[in-house]
Amino acid sequence: QKEVEQNSGPLSVPEGAIASLNCTYSDRVSQSFFWYRQYSGKSPELIMSIYSNGDKEDGRFTAQLNKASQYVSLLIRDSQPSDSATYLCAVNRNYGQNFVFGPGTRLSVLP
Amino acid sequence: DAGVTQSPTHLIKTRGQQVTLRCSPKSGHDTVSWYQQALGQGPQFIFQYYEEEERQRGNFPDRFSGHQFPNYSSELNVNALLLGDSALYLCASSFVQGADGYTFGSGTRLTVV
């Protein structure tokens, strides 16, 4: 079992819809969780971080964490074509430890 | 406020050669981590440097080595290059605890022919 798993996609949604991206992780002691967006040929950029169970909202983005189920998700409301990118889930076991990345989910928002 | 800078942007090397990639962390960051990202895959952790020492290492052979300088900048060296080393090499900086996540540089695209 891989440490961090994501559906590779592509996930296609129409413009204005909600895009839902999912991530599961295997290390139960993981402490912090991050979502990065990566456009083709570019480096990852941080979208959101979440550390506690529940929801965290930032503009059109909502991260959800369920440590009991070892599951973290990212919702993108009112999806725009500019949101088309690969979304990487990253998990950090403890402060000072390296981040483990999932393979990424490719999102395509159709005009 | 400068972000993470990497050089060079692109590099083409021949099998068996050696390469050095460079990274300057974001101002105020003291930890540098290096990742390898093959096409269509997520970044894979190579190693992390803090206080000029390698703190952690991923599952990469000894051909991959690094260094951190007193000004927190870092180098990644790869010896005896293989075709499979062709990838995007990402440098990420953070505070030592990494609580705020990484800031990535724009990467170095290495092609081994």
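Worth knowing before you read on, the calculation uses all heavy atoms, side chains too, and leaves out hydrogens, waters and symmetry mates. Order of the sequence lines sets the chain letters (A, B, ...), proteins ahead of strands, with each chain counted from 1.
Taking 4.0 Å as the cut-off between side-chain N and carboxylate O, R60(A) and D83(A) count as a salt-bridged pair.
Contacts between Q6(B) and chain A at a heavy-atom distance below 4.5 Å are absent for every atom of the residue. Neither the backbone nor the side chain of E45(A) comes within contact range of chain B, judged by heavy atoms closer than 4.5 Å. Heavy atoms of Y35(B) lying under 4.5 Å from chain A belong exclusively to its side chain.
Annotation: maximal heavy-atom pairing with chain A below 4.5 Å, among S106(B), P43(B), S33(B), occurs at P43(B).
A donor-acceptor contact shorter than 3.5 Å is absent between the side chain of Q44(B) and the backbone of G58(B).
Between N66(A) and Q64(A), the side chains place no donor N or O within less than 3.5 Å of an acceptor N or O (distance only, hydrogens not considered).
In this structure, F99(A) and F34(A) have parallel ring planes: the angle between them is below the 30° cut-off, well short of the 60° mark.
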